[in-house]
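Accompanying notes for the structure given below.
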Amino acid sequence: MSPLPPVEAPPPYIPPPSEAPPKEILRVRLVHLLHWLRAGWRDLCAHPGIAAFYGTAFWLMALVLGAVFRNKPEYTMSMASGCLLLGPFLAMGLYEVSRRREQDLVPDLGSSLTCWDRHMGSMAMLVLVLIVLELLWGRASLVVFAVFFNTGMPSTASVVQAVFNPENWEFLLAYTVVGGGFAMLVFSMAVVSIPMILDRDTDAISAAITSLEVVFHNTGAMLLWGLLIAVLVALALLAPWGLGLLVVGPLLGHASWHAYRGTVHWLQGGTVP
């Protein structure tokens with residue numbers, strides 16, 4: 001009986017070349033942060049009516065968050081994460097205004113409100129990922145409250161007392177670590193991903209990876225950018241009734257578009273019309 005012929009091993013799998021357009025992550029210097037804010041201010045002043053519309057939306061979100069804190073403080077972190085989730089998508093209309101100005105097109109409120117319809121698939125996937133992070137963030141926040149307030153969920157007064165009581169450093173440390181970790185993850189995934197989807201009509205995974213790459217290659221500058229955003233929002237909230245958000249919200253939305261354009265350079269072609 002003759003031996004069977006040897007079975008040839010299949011050739012190794014070679015993945016097809018990526019269809020994603022080649023890009024370069026630019027190095028960010030601290031002075032660039034001011035450039036982004038200045039460019040955002042120019043966009044705001046060029047179309048104050050559109051800015052007022054979106055500023056009012058941000059302000060209403062802050063009012064809802066404040067009402068939750070006064071009545072159900074244990075859900076404040078969940079609502080805050082929800083605002084962080086909704087905010088960038090609401091700001092997509094502001095990105096569209098800045099994008100059109102960059103291309104010498106005339107922006108209008110209607111186009112800014114419907115700019116997401118061509119990117120529904122990518123936006124839905126990114127929303128899903130951020131919603132999962134938001135739910136995990138909210139659950140982790142409730143666990144921190146449950147551990148340190150074993151007599152039941154605290155009232156607004158007890159939360160404020162706990163925050164300003166130096167004896168509660170364990171609670172403050174745990175709350176800061178948990179909240180800061182999730183906030184950094186959400187920020188890293190969203191800082192340029194949504195403007196990139198609007199600009200290049202790319203998929204959500206590629207956009208999120210690019211956003212993470214931007215933060216990885218410019219960790220110090222991007223951390224400062226996130227801190228600057230947080231400080232400006234905090235200052236806006238310190239105004240009577242939080243009315244500062246009417247200006248700061250649109251300003252940061254426009255500036256975020258310029259942050260994307262200042263961190264990601266496409267080596268082939270320009271922006272998608």
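Every value quoted in this text rests on a predicted model; they were computed, and no experiment measured them.
The side-chain contact (heavy atoms from CB on, under 4.5 Å) search around Leu109 returns Ile50, Phe53, Tyr54, Ser112, Leu113, not counting sequence neighbours. Applying the side-chain contact (heavy atoms from CB on, under 4.5 Å) rule to Leu238 yields the partners Leu235; only residues at least two apart in sequence or on another chain are considered. The side-chain hydrogen bond (donor to acceptor under 3.5 Å, both in side chains) test applied to Ser98 returns Asp43, His254, not counting sequence neighbours. For Thr114, the side-chain contact (heavy atoms from CB on, under 4.5 Å) criterion is met by Asp117, not counting sequence neighbours. Evaluation of the side-chain contact (heavy atoms from CB on, under 4.5 Å) rule for Val31 yields Arg29, His35 as partners, not counting sequence neighbours.
Not one N or O on the side chain of Ser211 forms a donor-acceptor pair closer than 3.5 Å with the backbone of Ala207. With hydrogens and angles disregarded, a donor-acceptor distance shorter than 3.5 Å links the side chain of Ser193 to the backbone of Met189. The backbone N or O of Ser206 lies less than 3.5 Å from a partner atom in the side chain of Asp203, making a donor-acceptor pair.
The salt bridge (Lys or Arg N to Asp or Glu O under 4.0 Å) contacts involving residues 232-241 comprise nothing, where partners must be two or more places apart or lie in separate chains. Judged as a side chain to side chain donor-acceptor pair (under 3.5 Å), not a single pair has a partner in residues 229-250 (not counting sequence neighbours). The list of salt bridge (Lys or Arg N to Asp or Glu O under 4.0 Å) pairs with a residue in residues 180-189, not counting sequence neighbours, is empty. The salt bridge (Lys or Arg N to Asp or Glu O under 4.0 Å) contacts involving residues 210-237 comprise Lys23-Glu213, where partners must be two or more places apart or lie in separate chains. Sorted by first and then second residue, the salt bridge (Lys or Arg N to Asp or Glu O under 4.0 Å) pairs with a member in residues 44-58 form an empty list; sequence neighbours excluded. Counting only residues at least two apart or in different chains, ring pair (Phe, Tyr, Trp, His ring centres under 6.0 Å) contacts with residues 198-221 are absent. Applying the side chain to side chain donor-acceptor pair (under 3.5 Å) test to every pair with at least one member in residues 225-235, sequence neighbours left out, gives no pairs at all.
Ionic pairing of Arg99 and Glu102 is not present here: no N-O contact between side-chain nitrogen and carboxylate oxygen is shorter than 4.0 angstrom.
Ile194 and Met184 fall within a single hydrophobic cluster, where Ile, Leu, Val, Met, Phe, Trp and Tyr are joined by side-chain heavy atoms under 4.5 Å apart, directly or via other members. One hydrophobic cluster, built from ILVMFWY side chains closer than 4.5 Å, holds both Leu224 and Val186. Both Leu212 and Leu223 belong to a single network of hydrophobic side chains, linked directly or stepwise wherever heavy atoms of I, L, V, M, F, W or Y lie under 4.5 Å apart.
Inter-residue side-chain proximity for Ser111 and Arg100 is flagged as met; some heavy-atom pair is nearer than 4.5 Å. Counting heavy atoms from C-beta outward, Val28 and Leu33 have side chains that approach closer than 4.5 Å. The shortest side-chain heavy-atom distance between Leu94 and Trp257 does not fall under the 4.5 Å cut-off. Side-chain contact between Leu237 and Val248: absent, with no pair of heavy atoms (C-beta onward) separated by less than 4.5 Å. Inter-residue side-chain proximity for Leu26 and Val264 is flagged as unmet; no heavy-atom pair is nearer than 4.5 Å. Side-chain contact between Trp266 and Met196 is present, with at least one heavy-atom pair separated by less than 4.5 Å. Proximity of Val214 to Tyr260: side-chain heavy atoms (C-beta onward) are nowhere separated by under 4.5 Å.
Residue Tyr95 comes nearest to Leu198 through the heavy atom pair CB-CD2, 3.6 Å, listed as atom of the first residue, atom of the second, then distance. Shortest non-hydrogen contact noted between Gly244 and Ala239 is N-CB, 3.7 Å. The heavy-atom pair separating Pro250 from Ala51 by the smallest distance is CG-O, 3.1 Å. Phe58 and Leu245 get closest at one heavy-atom pair: O-CD1, 3.8 Å.
With rounding to the nearest 0.5 Å, the separation of CG in Leu246 from CG in Leu60 is 9.0 Å. Atom CG of Leu105 sits about 5.5 Å away from atom CD of Gln103, to the nearest 0.5 Å. Note that OG1 of Thr210 and CD1 of Ile197 are 10.0 Å apart. Values are rounded to the nearest 0.5 Å. Going from atom CG of Asn218 over to atom NE2 of His32 covers 10.0 Å, rounded to the nearest 0.5 Å. A distance of 10.0 Å separates CZ of Arg27 from CD1 of Ile25, quoted to the nearest 0.5 Å.
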Go through the steps to decide whether Arg38 and His258 satisfy the test side-chain contact (heavy atoms from CB on, under 4.5 Å), and finish with yes or no. CA-CA 10 Å; Arg38 186 163 62 244; His258 295 285; over 6 Å; no
Derivation and outcome, side-chain contact (heavy atoms from CB on, under 4.5 Å), residues Leu252 and Leu37: CA-CA 7 Å; Leu252 293 178; Leu37 288 174; 4.2 Å; yes
Trace of the side-chain contact (heavy atoms from CB on, under 4.5 Å) decision for Val231 with Leu227: CA-CA 6 Å; Val231 169; Leu227 179 61; 4.2 Å; yes
Residues Val215, Val192; criterion side-chain contact (heavy atoms from CB on, under 4.5 Å); working and verdict: CA-CA 9 Å; Val215 176; Val192 302; over 6 Å; no
